[in-house]
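Have a look at the structure below, then the notes.
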Amino acid sequence: MSDMRLGQKFFAQEVLTAAPAMVGKLLCRRFTDGTVLRLHITETEAYNGEADLACHASKGRTPRTEIMYASGGKVYVYLIYGLHILLNIVTGEQEHPQAVLIRCCEGYEGPAKLTKVLRLDCGFYGEDLVCSDRLWLEDDGCLPKIKTAPRVGIDYAPPLWRDKPWRYIMIKE
DNA sequence: GTAAGGATTGGC
DNA sequence: CCAATCCTTACT
């Protein structure tokens with residue numbers, strides 16, 4: 001059913017709405033051999049604009065953060081610690097830099113483990129989830145209970161931003 | 001040009 | 001606890 005696929009309207013939501021809404025959705029990846037992997041997203045984090053000092057966009061518009069200024073639905077991937085690729089999904093309207101970090105999926109705890117399994121690399125920077133044939137989101141009707149927590153790995157940010165409850169975790173039943 | 005540091009992970 | 005490993009950003 002193609003109408004399970006999430007479209008522009010979903011990604012155009014503000015990040016504080018989109019990040020919890022992505023928990024429970026299916027992250028879908030079609031590999032070059034044609035096989036498709038579908039994983040329920042179990043944990044996300046919101047990075048919210050230039051004012052958010054934990055968000056990469058707080059450094060302003062740079063070659064790396066440029067994609068966050070695009071309209072929602074684009075992929076923001078980057079190399080961290082020279083070792084790991086992390087997957088983010090841009091949300092909101094154009095010129096409103098924000099993104100959702102996909103931290104965990106069912107069976108894959110950890111943002112770098114996830115991108116390894118999905119075989120995502122820097123070539124996915126800017127990928128459009130609305131029309132891509134190798135990466136997209138689907139809604140299978142799953143409506144999980146969610147709890148919030150502070151974001152991980154941002155000790156460099158001042159408390160005002162470090163302590164924001166912008167991490168969204170699926171509650172296991 | 002140079003330097004510092006990171007939205008992590010796995011091993012000791 | 002700490003190393004791995006390299007790109008991005010800031011500053012000279």
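Lettering of chains follows the sequences in order, A, B, ..., and the numbering in each one begins at 1. Values below: every heavy atom of this structure, side chains too, minus hydrogens, waters and symmetry copies.
A straight line from CD of A:E45 to P of B:dG6 spans 16 Å, rounded to a whole angstrom. When the P atom of B:dT9 is taken as reference, atom CG of A:L87 falls 13 Å away, rounded to whole Å. Following rounding to the nearest Å, A:L114 (CG) and B:dT9 (C1') show an atom-to-atom distance of 14 Å. The separation between A:E43 atom CD and B:dA7 atom C1' is 12 Å, rounded to whole Å. C:dT5 atom P lies 19 Å from atom CG of A:D121, rounded to whole Å. What separates CZ of A:R61 from C1' of C:dA10 is a distance of 20 Å, to the nearest Å. The NZ atom of A:K59 sits 18 Å away from the P atom of C:dC7 (whole-angstrom rounding). Straight-line distance from the NE2 atom of A:H56 to the C1' atom of B:dT8: 12 Å, rounded to whole Å.
Of the listed nucleotides (B:dT8, C:dC6, C:dT9), C:dT9 has the atom at the smallest distance from the side chain of A:R64. For A:L79, the side-chain atoms get nearest to C:dC6 when compared with the rest of B:dA7, C:dT9, C:dC6. Ranking B:dA7, B:dT9, C:dT9 by closeness to the A:I154 side chain, first place goes to B:dA7. Relative to the side chain of A:H84, the nucleotides B:dT8, C:dA10, B:dA7 differ in distance, and B:dT8 lies closest.
Between A:P97 and A:Y69 the shortest heavy-atom distance is CG-CE2, 3.5 Å.
Within the 4.0 angstrom heavy-atom criterion, only backbone atoms of the sugar-phosphate kind lie near A:L86; the bases stay farther away. Across all strands, A:G153 comes closer than 4.0 Å only to sugar-phosphate atoms, never to a base (heavy-atom distances).
Between B:dG5 and C:dC2, the two C1' atoms lie 16 Å apart (nearest whole Å).
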- Message: Apply side chain to side chain contact (heavy atoms under 4.5 Å, CB included) to residues A:M22 and A:F10 and explain how you reach the verdict.
- Response: CA-CA 9 Å; A:M22 282 185 201; A:F10 178 85; 3.8 Å; yes
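Under the 3.5 Å distance criterion, the side-chain polar atoms of A:R151 are left unmatched by any main-chain donor or acceptor of A:E45. A donor-acceptor pair is defined here as one N or O able to donate and one able to accept, closer than 3.5 Å; such a pair exists between the side chain of A:T115 and the backbone of A:A112.
Side-chain N/O atoms of A:Y78 include none lying less than 4.0 angstrom from OP1 or OP2 on C:dC6.
The neighbour count for A:E93 CD, taken as heavy atoms of other residues, nucleotides or ligands under 6.0 Å away, does not exceed 12.
Across all strands shown, C:dC2 is found opposite B:dG10 as a Watson-Crick or G-U wobble partner, with both distances under 3.5 Å. Partner assigned to B:dA4 is C:dT8, using Watson-Crick or G-U wobble distances below 3.5 angstrom.
The aromatic ring of A:Y81 does not sit over the base of C:dA4, since the test of centres under 5.5 Å and planes under 30° is not met.
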